[in-house]
Amino acid sequence: NAHLIIEEYIPGEKPVYQSNDPAIIVLSAKDKDRLKEQVENLYAYVEDHKDINIYDLAYTLQVGREPMEERLAFVTDNLAQLKRNLSGYNSEEQPDLFIGNVKKEVSSFSLTEDASETYVKAAISKHQYAALAQLWVSGLSIDWELLYSHEQPKRVSLPTYPFAKERYWLPISEASSSFLSNPDQLHPLLHSNASSLSEQKYKSTYTGSELFLEDHIILGDKMLPGVAYLEMARAAGSFSLESS
């Protein structure tokens, strides 16, 4: 046996990151619906965290999220402008936003890894941040750490990925449904009480369409699972003792 005591990690105080340059905000998702929800969640987060450092927010989105197909990027100077850009995502006019899908739209802009780093460095030195945002939306892989040569912003806790709320339950046949909720049966495995003054006895009739028979086939034959015998015995004991 072993015991482990874990203490919460509390990072030391880090100076607030400051810069005269704008922040590049990048968001991506598997499809447009998930991206739309990402935008809405980030807007709500900024509404609730009015003192968030915009560079911490941008840095977290740049290096702490996996880039996906559907992309949105823009350049912003402050939180108020950030919120306006997020609000404008669903509007017809989006002059300051770069939107694209790296799989559906084939970009004519292609660079090797070395050339990409050289171009990114040149764009940073010339303060061409909108160009970087547009290239990232087009599919260019950017080393965002190059934006922060002297010190890095902090990673902060932001809304997580909004997975689609889809259900993947196996379909239940009519026979299986009646098996699971038949008011005329004592128990799904014990159908009726056939006890007499001389003995305790229960009877069950199975058609072969029950879940535990349809899904338990050995060498082509439907077999009652061993665990079903245990449940039958447990249920019979409970009914006999009137403790069910």
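In this structure, Leu27 CG and Glu70 CD are separated by 11.5 Å, a value rounded to the nearest 0.5 Å. Note that CD1 of Ile99 and NZ of Lys32 are 8.5 Å apart. Values are rounded to the nearest 0.5 Å. Of the inter-residue distances, the one linking Gln185 atom CD with Ser204 atom OG reads 7.5 Å to the nearest 0.5 angstrom. Taken from NZ in Lys203 to OG1 in Thr205, the straight-line distance is 6.5 Å, to the nearest 0.5 Å. Rounded to the nearest 0.5 angstrom, Ser141 OG and Leu135 CG are separated by 11.5 Å.
With a 4.5 Å cut-off on side-chain heavy atoms, Leu132 and Ile124 count as touching. Between Val120 and Asp143, the closest side-chain pair of non-hydrogen atoms is not below 4.5 Å. Met232 places a side-chain heavy atom less than 4.5 Å from the side chain of Leu224. Residues Pro162 and Asn41 form a side-chain contact, since some pair of their non-hydrogen atoms from C-beta on lies under 4.5 Å apart. Put simply, the side chain of Asp96 does not reach to within 4.5 Å of the side chain of Val75, judged on heavy atoms. Side-chain contact between Gln152 and Glu145: present, with at least one pair of heavy atoms (C-beta onward) separated by less than 4.5 Å. For the pair Phe98/Leu72, no side-chain contact is recorded, criterion being any heavy-atom separation below 4.5 Å from C-beta on. Taking the side chain as every heavy atom from C-beta outward, Tyr89 and Glu40 never approach each other to under 4.5 Å.
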Next item on the list: Could you check Tyr206 against His191 for ring pair (Phe, Tyr, Trp, His ring centres under 6.0 Å), going step by step and ending with a plain yes or no?
Entry: CA-CA 9 Å; Tyr206 305 125; His191 296 171; 5.3 Å; yes
Check: Do Val102 and Arg71 pass the side chain to side chain contact (heavy atoms under 4.5 Å, CB included) test, and can you show the C-alpha distance, the side-chain angles, and the key distance before you say yes or no?
Finding: CA-CA 8 Å; Val102 297; Arg71 299 188 179 186; 3.6 Å; yes
Notebook entry, point to check: Can you list the steps and then say if Ile25 with Leu57 is a side chain to side chain contact (heavy atoms under 4.5 Å, CB included)?
Noted result: CA-CA 8 Å; Ile25 304 297; Leu57 185 150; 3.7 Å; yes
Next item on the list: Determine, stepwise, if the pair Leu42 / Leu61 fulfils side chain to side chain contact (heavy atoms under 4.5 Å, CB included).
Entry: CA-CA 11 Å; Leu42 185 60; Leu61 293 174; 4.1 Å; yes
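Between Val137 and Ala73 the shortest heavy-atom distance is CG2-CB, 3.6 Å. The heavy-atom pair separating Ile54 from Asp77 by the smallest distance is CD1-C, 4.2 Å. Across every non-hydrogen atom of Glu214 and Ser209, the tightest pair is CD-O, 3.3 Å. Shown here for Ser192 and Leu186, the closest heavy-atom pair between the two residues is C-CD1, 3.7 Å. Listed here is the closest heavy atom pair of Val39 and Leu86: CG1-O, 3.4 Å. Across all non-hydrogen atoms, the minimal contact from Ala29 to Gln38 is CB-NE2, 4.3 Å.
Remark: Glu69 pairs with Lys30, Lys103 by the salt bridge (Lys or Arg N to Asp or Glu O under 4.0 Å) rule, at least two apart or across chains. Partners of Pro225 under the side chain to side chain contact (heavy atoms under 4.5 Å, CB included) rule, at least two apart in sequence or in another chain, are Phe212, His216, Val227, Ala228. Not a single salt bridge (Lys or Arg N to Asp or Glu O under 4.0 Å) links Lys126 to another residue, sequence neighbours left out. Remark: Gln81 pairs with no residue by the side chain to side chain donor-acceptor pair (under 3.5 Å) rule, at least two apart or across chains. With sequence neighbours left out, the side chain to side chain contact (heavy atoms under 4.5 Å, CB included) criterion links Lys121 to Glu117, Leu146.
No continuous path of hydrophobic side-chain contacts links Leu79 to Val16 [ILVMFWY only; heavy atoms under 4.5 Å]. Residue Leu158 is grouped with residue Leu35 when hydrophobic side chains (ILVMFWY) are merged at heavy-atom distances under 4.5 angstrom, including chains of intermediate members.
With Ile24 as reference, Trp144 is the one residue of Phe74, Trp136, Trp144 to meet the side-chain contact (heavy atoms from CB on, under 4.5 Å) rule.
Residue pairs satisfying the side-chain hydrogen bond (donor to acceptor under 3.5 Å, both in side chains) criterion with at least one member in residues 153-163, sequence neighbours excluded, are absent. Listed by first and then second residue, the side-chain hydrogen bond (donor to acceptor under 3.5 Å, both in side chains) pairs involving residues 226-235 are His187-Glu231, Glu231-Arg234, Arg234-Ser238 (not counting sequence neighbours). Within the structure, the side-chain hydrogen bond (donor to acceptor under 3.5 Å, both in side chains) test picks out the following pairs touching residues 10-29 (sequence neighbours left out): Asp21-His127, Asp21-Tyr129.
Listed by chain and number, the hydrophobic cluster partners of Leu230 come to none, as no ILVMFWY side chain reaches under 4.5 Å of it. The other members of the hydrophobic cluster of Leu4, by chain and number, are Ile6 (side-chain heavy atoms under 4.5 Å, ILVMFWY only). Cluster partners of Ile218 are Leu219, Met223, counting Ile, Leu, Val, Met, Phe, Trp and Tyr whose side-chain heavy atoms approach within less than 4.5 Å, directly or via other members. If you chain together ILVMFWY residues whose side-chain heavy atoms come under 4.5 Å of each other, Ile5 ends up in a group of its own.
Between Tyr148 and Tyr59, the ring centre distance stays below 6.0 Å.
The neighbour count for Lys83 NZ, taken as heavy atoms of other residues, nucleotides or ligands under 6.0 Å away, is above 12.
A salt bridge is absent between Lys222 and Glu210: the closest approach of a Lys/Arg side-chain nitrogen to an acidic carboxylate oxygen does not fall below 4.0 angstrom.
In this structure, Ser195 contributes its side chain and Gln200 its backbone to no donor-acceptor pair below 3.5 Å.
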